[in-house]
Amino acid sequence: MKGKTDPLLVISLVILMIVASMLRFPDITDEMKYYVIVKEMLANHQWFVLQVNDQLYPDKPPLYFWLLATIFHWQPHDPLPWALILLGVIPFLATVYLGYCLVNRIADKPTAQLFALAYISLPYAFGVSLALRMDTLMTLCIVAAIGLLVRQYQAPEQHSRYWFLPYVLIGTGILIKGGAAILVPLLTIVSLLTLNRDWHAFAAIKLAKGLVIIAAMVTIWLLLVSFQNQGIEYIELLLGQQTLGRMVNASIHREPFYYYLYNMPLILLPISPFFIAGLARLIYDLPHYRQWPIIDKVSFCWLVPSFIFLSVVSSKLVLYLLPLLPPAIVISCRFLQRVCSRYATGLCRIQLRFSVAILLIGVLALPWLNTRYTLAPIALFLKHNQATLYSYHFANATHLEGMIANSILPIYRDKISSLPVASLVITSHSQPALPEEFKPLLTNQAFTLYQKSP
């Protein structure tokens, strides 16, 4: 990167990410649920059949929770900062570096530097790494696998000894999050070889053997699951409801096919205008794809087929687009270099300064946000109060059990008045009001802890 300020700004951004990781309080919906899953995993020594509040949790594979369990065992009192740094920030930085290496290999160093500068300072990209999301770690596996597959395709004789590595990474990605880990790399390399009409290259990348490795990894995992208590039921839910069900007829996260068309530009802000223009240029020039440089072919084959597939799938989340950010950023950078090469790096530096400023404001505001909009004050109070806690029309409150010693039981309007005096009840402000005999003990802008008065 040119300019003396660039390394200092990048270092500042990384430091702020680490500080933010240390100050954040976990969200009630997913992160506290992961606390409960890991807590039950460590208590029951059940490593393959995941459970949350004694209910089967077939939504995700186990590898990410094994890593979380290791961190929780190592840092039982305050595991979140270490989990965010080790499973979020570091994998994100590693993804940026591997993307830089790939772009440097198939394009040139200035393009790779511009890509790295744009990627590391993209607000959505580094923002996701500051939350417990397995997609960040899976994206690292995907980028590494694509980089190795492209390298194997370009120079098969030089890298024949390590042909199996991308397929092991794909299998690892599947065990971290699921099917996207195989979908994106294979669609990318198959589309690239098809675009080039280089049918002999399928043998060079040893695709058939690689698929056997992936299938073996997944099969061994499912066999180990099948030997566990409730293992067969778990597999049926995993493959049926959570895999085929979400692809064909999702019960959650169901969105129209055009959902990603307007969300992709949003998560690419502020470089989305360059992405839209760059992608439009590639589509317009598609009849002349044989004259494209390899960097354009790889980025197009990485982005477009997977984007179309994800758009057709029934279940959609913006987070699912995370593995498609690298090619989208490459397309943006390539367009910048074509239309305003003199100002391309300067524009990315402005984005970097903006991101550092936004993250600094966020870090300074985190203590205030934790107090007013999270369960932090209530969780601190409950750590010193062992009474049974009731959640009033607030199902996610049971996830708080991962952080406190209290049992949390659901209670509803028809039973709330029958609770004994001094009972503690937690609710969110979006739920119905409690009867008058319940007085607030602790409250903020989002949650209230009540106690029943005589």
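Since we're looking at a predicted model, the values are computed, not measured. Numbering starts at 1 and runs along the sequence shown.
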Fill in: Any residue meeting salt bridge (charged side-chain N to carboxylate O under 4.0 Å, His left out) with Glu40, in chain and number order, not counting sequence neighbours
none
Discussion item. Classify the ring geometry of Tyr162 against Phe164: parallel below 30°, tilted from 30° to 60°, perpendicular beyond 60°.
Written reply: tilted
Worksheet item: Mind checking whether Trp199 and Thr194 have side chains closer than 4.5 Å, heavy atoms only?
Response: yes
Worksheet item: Taking side chain as C-beta onward, heavy atoms only, is Pro323 less than 4.5 Å from Val143?
Response: no
Item to complete: For Asp108, check salt bridge (charged side-chain N to carboxylate O under 4.0 Å, His left out) against everything at least two apart and list the hits.
Response: none
Worksheet item: What are the two closest heavy atoms between Pro123 and Leu269, and how far apart are they?
Response: CD-O, 3.6 Å
Practice prompt. Measure across Ile176 and Cys141 and return the closest heavy-atom pair with its distance rounded to 0.1 Å.
Written response: CD1-SG, 3.9 Å
Worksheet item: Taking the six-membered ring where the residue is Trp, are the ring centres of Phe48 and Phe227 under 6.0 Å apart?
Response: no
Worksheet item: Which pair of non-hydrogen atoms, one from Ile426 and one from Ala397, has the smallest distance, and what is that distance?
Response: CG2-CB, 4.0 Å
Fill in: Contact check, side chains of Phe72 and Leu42, non-hydrogen atoms, under 4.5 Å
yes
Practice prompt. State, yes or no, whether a side-chain contact exists between Val128 and Leu319 at a heavy-atom distance under 4.5 Å.
Written response: yes
Worksheet item: Once you round to the nearest 0.5 Å, how far does CD1 of Ile142 lie from CD1 of Ile170?
Response: 8.5 Å
Discussion item. For Trp66 and Trp47, I'd like to know if the aromatic rings sit close, meaning centre-to-centre distance below 6.0 Å.
Written reply: no
Worksheet item: Given the rule in the side chain to side chain contact (heavy atoms under 4.5 Å, CB included) test, do Tyr64 and Leu132 qualify, once you have shown the distances and angles that lead to the verdict?
Response: CA-CA 10 Å; Tyr64 189 81; Leu132 279 184; 3.5 Å; yes
Worksheet item: Is it the case that Asn196 and Tyr153 place a side-chain donor and acceptor less than 3.5 Å from each other?
Response: yes
Worksheet entry | Approximate separation, where rounding is to 0.5 Å, of Thr188 OG1 and Leu193 CG | 10.5 Å
Practice prompt. Please indicate whether Tyr373 has more than 12 foreign heavy atoms, meaning atoms of other residues, nucleotides or ligands, lying under 6.0 Å from its OH.
Written response: yes
Item to complete: Measure across Leu56 and Val49 and return the closest heavy-atom pair with its distance rounded to 0.1 Å.
Response: CD2-CG1, 3.4 Å
Practice prompt. Identify the residue among Val38, Leu137, Leu86 that makes a side chain to side chain contact (heavy atoms under 4.5 Å, CB included) with Leu67.
Written response: Leu137
Item to complete: Supply the atom-to-atom distance Arg281 CZ to Arg338 CZ, rounded to the nearest 0.5 angstrom.
Response: 3.5 Å
Worksheet entry | Side-chain donor/acceptor of Gln152 to backbone N/O of Ala204, under 3.5 Å | yes
Worksheet entry | Thr139 and Lys177, any side-chain heavy atoms less than 4.5 Å apart | no
Worksheet item: In this structure, are over 12 heavy atoms from other groups packed under 6.0 Å from Tyr262 atom OH?
Response: yes
Worksheet entry | Shortest non-hydrogen contact between Met17 and Ser129, atoms and distance | CE-OG, 3.2 Å
Worksheet item: Between Phe447 and Phe394, how do the two ring planes meet: parallel, tilted or perpendicular, split at 30° and 60°?
Response: parallel
Response to the item:
Output for pair (Asp27 CG, His399 NE2), nearest 0.5 Å, gives 10.0 Å
Item to complete: Check whether any side-chain heavy atom of Ser391 lies under 4.5 Å from a side-chain heavy atom of Leu409, and answer yes or no.
Response: no
Discussion item. Check for me whether the distance between the ring centres of Phe115 and Tyr100 falls short of 6.0 Å.
Written reply: no
Worksheet item: Atom CD1 in Ile205, atom CD1 in Ile189: separation rounded to 0.5 Å?
Response: 5.0 Å
Item to complete: Test Val318 against Met264 for side chain to side chain contact (heavy atoms under 4.5 Å, CB included), laying out the working first.
Response: CA-CA 8 Å; Val318 174; Met264 190 70 168; over 6 Å; no
Fill in: Close side-chain approach of Leu237 to Asp59, heavy-atom, < 4.5 Å
no
Worksheet item: Mind checking whether Trp292 and Phe300 have ring centres under 6.0 Å apart?
Response: yes
Practice prompt. Compute whether any side-chain donor of one residue and acceptor of the other, for Asp296 and Tyr289, lie under 3.5 angstrom apart.
Written response: no
Worksheet entry | Trp82 atom CH2: more than 12 heavy-atom contacts under 6.0 Å | no
Fill in: Pairwise distance CG(Leu375) to CD1(Ile28) - rounded to 0.5 angstrom
5.0 Å
Response to the item:
Here the pair of heavy atoms bringing Ser21 nearest to Leu84 is O-CD1, 3.6 Å
Item to complete: Could you tell me whether the side chain of Leu324 reaches within less than 4.5 Å of the side chain of Leu310, counting heavy atoms only?
Response: yes
Discussion item. Between Leu192 and Leu149, is the side chain to side chain contact (heavy atoms under 4.5 Å, CB included) condition met? List the steps.
Written reply: CA-CA 11 Å; Leu192 178 64; Leu149 285 170; over 6 Å; no
Worksheet item: Do Ile267 and Leu322 pass the side chain to side chain contact (heavy atoms under 4.5 Å, CB included) test, and can you show the C-alpha distance, the side-chain angles, and the key distance before you say yes or no?
Response: CA-CA 9 Å; Ile267 65 175; Leu322 199 63; over 6 Å; no
Worksheet entry | Pairs meeting criterion side chain to side chain donor-acceptor pair (under 3.5 Å) with involvement of residues 116-128, two or more places apart | Ser121-Gln351
Worksheet item: Got a sec: does the CE of Met217 have more than 12 other heavy atoms crowding it under 6.0 Å?
Response: yes
